[in-house]
Amino acid sequence: MGSNSVDNHTFSITTPLYYVNDLPHIGSAYTTIAADVIARFQRLKGVPVLMITGTDEHGQKIQRTAEAREKSPQAHCDEIVLGFQSLWQRLNIAYDRFIRTTAPRHQAIVAEFFQRVWDRGDIYEGHQQGWYCVSCEEFKEERDLLPEQRCPIHSNKAVEWRDEQNYFFKLSKYQSQLEQFYADQPDFIQPLSRRNEVLSFVSQGLQDFSISRVNLDWGFPMPTDPNHTLYVWFDALLGYVTALLDPADEPTLDNALQKWWPIQTHLIGKDILRFHAVYWPAMLMSAGLPLPGRVFGHGFLTKDGQKMGKSLGNTLDPVDLVERYGADAVRYYFLKEIEFGRDGDFSETRFINVLNADLANDLGNLLNRTLNMAGRYCQGQVPDVMGDDIPADYDLKSKGAILATTVEAAYEALAFSQACEAVLGLVRSCNKFLDEKAPWSLYKQGQQAETERVLYAVLESVRLAAYLLSPIVPGLAIAIYSQLGLAADFNDRAIGQTLPYSVHSRWGYLPASQALGKAEPIFQRIERASE
RNA sequence: GGCUCAGUAGCUCAGUGGUAGAGCAGGGGACUCAUAAGCCCUUGGUCGCGUGUUCAAAUCACGCCUGAGCCA
């Protein structure tokens, strides 16, 4: 039993519901990996976790893309969804819910939520005309357009003139409530620079936004006026609520909100910050619901210092990447090498350098060399030593003793790079320690006891490193535990019970005298392809 | 035009008033348990530019330059 079992609090986290206009790109993979790591760390601590991802499938853009492919919108969505799900599987993403906004039960949730907002008097009919970008599903200000009425974001497509009756949500009504909320919850929007952006935006005055479209078939009809279709964001954001339903639940708001609401963390790319940090809380206020804990907008990825884009022809295909290098490698690179929140770059050279240096050389080889020695000097068993027997002046012991505290703080702050750095610090100390103690010489000199203490201290440090890195590289962690003779499935949702954090995050756990596994490289060095 | 964030070694970044740091990459060395891996040493920076405050500034203030982004 986990003695650290927490006061019945739960943890729910979302990725964006990805738009199924196309197959997943590396940015979606980046967000999803990060969310998975956060979820895995909470599970490790024994907290009940619900990790939500999914797809946003409505809107004119989808309708047109499907038409262009000569498929029905639903058939198109079904196909793209498979692409997302298969990528998440390859990347070892342990999500708990995959919500599709085309799900029938989602319609029920949207209708009920809409009714609450309607009853609150926050929806009214208005008139809207202007230039409309179908790709953005948004009206654009004329001054923002490029020459020839082109959308600045989708510069290859002309915007369309629209003149229509729409329904609006009274966002303006919530300006002061929102500002109060941001002041009361300074950590609601992260990182800080994103928060500043939002505060500045809101302080300029909020305008109501439209939540319906006419001339759009692919979406939910507005309950109070079936000639209108609900605008994608109103529909999509509510996917987070629908996702909370247990499969057997009747699709009602009460059921959905019972266990996991409010969401603790919405993880998003910085491009959709406004919807999550402004529109969404206002909608929830209108419906009288508690607000989420935080919205974290991470940065964008570049490739070799350049923006990625289809038009530039320099996209990075996540499927290709994971097929070539494996899930752990991809997960590790993006979280270790990019400071979460800032923009970051992918370059193949750096990718190979980082993985070889950290996972193959420092960590992988450390385990390998130590296991070999244990095989030779200790009959292939964990030395008959307990953590308490290790002299206090072994700095691995003192470093190991405080590592979990440091790493935990880093994970909680979503500072994955720091978490990796801290663990790597212990790993590097191990390599240095081995060279200083030179157990191969100790053994030859007949100093059996000291040899065993040294090897135990290193094996235990590697175990701890694996445990603390397991949210990021679950496959490696499993391999390391296995070679240490410990059965552990870090993909198990109940990991917090089977390998309790209070026990495994502490240096000194490794049981003495058990049989070690066979020493095999856990992470192959990547040979640089000759150009 | 207004605002935000960033600008420190080839690369990625720490350092927020008291004599410039880490990892990676590059160069050299000793060792051998190991996935030529780890260990040791080392090259490399007038901390974007300028002015000011201070006994003292990468660190504070003001101005400017460059990059990323927000202003529906």
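In what follows, every heavy atom counts, from backbone to side chain, and hydrogens, waters and symmetry copies are set aside. These numbers come from a predicted model, not from an experiment. Below, chains carry the letters A, B, ... as their sequence lines are ordered, and counting in each starts from 1.
- Looking at the side chain of A:Lys444, the nearest of the listed nucleotides B:C40, B:C33, B:C71 is B:C33.
- Each of B:A14, B:C70, B:C24 was ranked by its minimum atom distance to the side chain of A:Ala357; first place goes to B:C24.
- Sequence order on RNA chain B of the closest nucleotides to A:Asn372 and A:Lys432 puts A:Asn372 first from the 5' end.
- B:C24 atom P lies 11 Å from atom CG of A:Asn431, rounded to whole Å.
- Of the candidates B:U4, B:C71, B:C11, B:C11 carries the atom nearest the A:Arg350 side chain, counting heavy atoms from C-beta on.
- Both distances falling under 3.5 Å, in either a Watson-Crick or a G-U wobble arrangement, place B:C3 opposite B:G69.
- Among the heavy atoms of the strands, none lies under 4.0 Å from A:Asp345.
- Across all strands shown, B:C24 forms a Watson-Crick or G-U wobble pair with B:G10, both key distances being under 3.5 Å.
- As a whole-Å value, the separation of A:Asp358 CG from B:A25 C1' is 13 Å.
- Across the strands present, B:G63 finds its partner in B:C49; the criterion is a Watson-Crick or G-U wobble pair with both atom distances under 3.5 angstrom.
- Between A:Lys307 and the phosphate of B:G69, there is a side-chain N or O to OP1/OP2 separation shorter than 4.0 Å.
- Here B:C33 presents its P atom at 13 Å from CD of A:Gln445, a figure rounded to the nearest Å.
- Note: CZ (A:Arg428) to P (B:C24) measures 5 Å, nearest angstrom.
- Between A:Arg369 and A:Gly344, the residue anchored nearer the 5' end of RNA chain B, judged by the nucleotide with its closest heavy atom, is A:Gly344.
- The A:Asn361 side chain lies nearest to B:G38 when the options are B:C71, B:C33, B:G38.
- Nucleotides B:U43 and B:C24 are separated by 15 Å at their C1' atoms, to the nearest Å.
- Figure legend. B:A36 is base-paired to no nucleotide; pairs are counted as Watson-Crick or G-U wobble with both atom distances under 3.5 Å.
- If you check every strand for non-hydrogen atoms under 4.0 Å, A:Glu436 touches nothing.
- Among the protein residues, A:Leu273 comes within range of no part of the nucleic acid, since none of its heavy atoms lies under 4.0 Å from any strand.
- What separates CG of A:Leu476 from P of B:U35 is a distance of 17 Å, to the nearest Å.
- Under the 3.5 Å distance criterion, with hydrogens and angles disregarded, a donor-acceptor pair is assigned to the side chains of A:Arg294 and A:Thr265.
- Nearest nucleotide to the side chain of A:Arg342, out of B:A14, B:C24, B:C5: B:A14.
- Base engagement by A:Phe523 is indicated by at least one non-hydrogen atom pair under 4.0 Å involving a base atom.
- What separates CG of A:Asp343 from P of B:C70 is a distance of 10 Å, to the nearest Å.
- Salt bridge A:Asp435/A:Arg369: present, at least one basic N to carboxylate O contact under 4.0 Å.
- When both pairing distances are held under 3.5 Å, B:A56 makes no Watson-Crick or G-U pair with any nucleotide shown.
- Closest to the A:Asn196 side chain, of the nucleotides B:C33, B:C5, B:C13, is B:C5.
- Separating the C1' atom of B:G48 from that of B:C39 is a span of 38 Å, rounded to the nearest Å.
- Nucleotides B:G28 and B:U4 place their P atoms 49 Å apart, quoted to the nearest Å.
- When atom types are taken as modelled, the side chain of A:Glu460 and the backbone of A:Gly508 share a donor-acceptor pair closer than 3.5 angstrom.
- A:Arg274 comes within contact range of the sugar-phosphate backbone alone, with a heavy-atom separation under 4.0 Å but no base atom that close.
- Looking at A:Phe234, A:Tyr167, A:Phe168 one by one, the single match for ring-ring contact (aromatic ring centres under 6.0 Å, His included) with A:His228 turns out to be A:Tyr167.
- Counting any heavy atom pair closer than 4.0 Å across all strands shown, A:Gln207 reaches a base atom.
- Heavy atoms of A:Arg195 sit nowhere under 4.0 angstrom from any nucleic acid atom.
- Summarising the local packing, CD of A:Gln418 is surrounded by 12 or fewer heavy atoms from other residues, nucleotides or ligands at distances under 6.0 Å.
- Using atom C1' as the reference point in both B:C3 and B:C11, the two lie 31 Å apart (nearest Å).
- Here the C1' atom of nucleotide B:G23 and the CD atom of A:Gln418 are 14 Å apart, to the nearest Å.
- Rounded to whole Å, the distance from CG on A:Leu366 to P on B:A36 is 15 Å.
- Of all nucleotides listed (B:U4, B:U35, B:G38), B:G38 comes nearest to the side chain of A:Asp435.
- Although no hydrogens or angles enter the test, the distance criterion places a donor-acceptor pair under 3.5 Å between the side chain of A:Thr302 and the main chain of A:Gly344.
- As judged by a 4.0 angstrom heavy-atom cut-off over every strand, A:Leu192 is placed among residues making no nucleic acid contact.
- From A:Phe275, atom CZ reaches atom CG of A:Leu237 across 8.5 Å, with rounding to the nearest 0.5 Å.
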